[in-house]
Amino acid sequence: MAVPKRKMSRSNTRSRRANWKTAAVATVACPQCKSPKLPHAACSVCGTYNGRQVLEV
């Protein structure tokens with residue numbers, strides 16, 4: 001197992017941790033009802049996917 005040879009300084013640790021950012025969830029508009037939905041997933045409002053009804057809403 002790799003072990004650090006020297007202790008990492010506070011500034012190095014904090015600058016490394018500063019790059020841990022969360023990304024916003026990507027959404028696309030549903031072609032049927034124009035509500036935001038996850039890409040490659042059925043719309044939770046109208047229940048359509050790829051132009052056809054797949055969920056009973």
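The chain is numbered in sequence order, starting from 1.
- For the side-chain contact (heavy atoms from CB on, under 4.5 Å) test, residues two or more places apart in sequence or in another chain that qualify with Asn12 are Met8, Ser9.
- In this structure, the side-chain contact (heavy atoms from CB on, under 4.5 Å) partners of Arg52, at least two apart in sequence or on a different chain, are Val54.
- Using modelled atom types, one side-chain atom of Gln53 and one backbone atom of Leu55 make a donor-acceptor pair closer than 3.5 Å.
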Check: residues 18-30 side-chain donor-acceptor pairs under 3.5 Å, at least two apart:
unit_1	atom_1	unit_2	atom_2	d
Lys21	NZ	Ala18	O	3.2

Which donor-acceptor pairs under 3.5 Å do side chains of residues 36-46 form with protein atoms, sequence neighbours excluded?
unit_1	atom_1	unit_2	atom_2	d
Lys37	NZ	Ala41	O	3.0

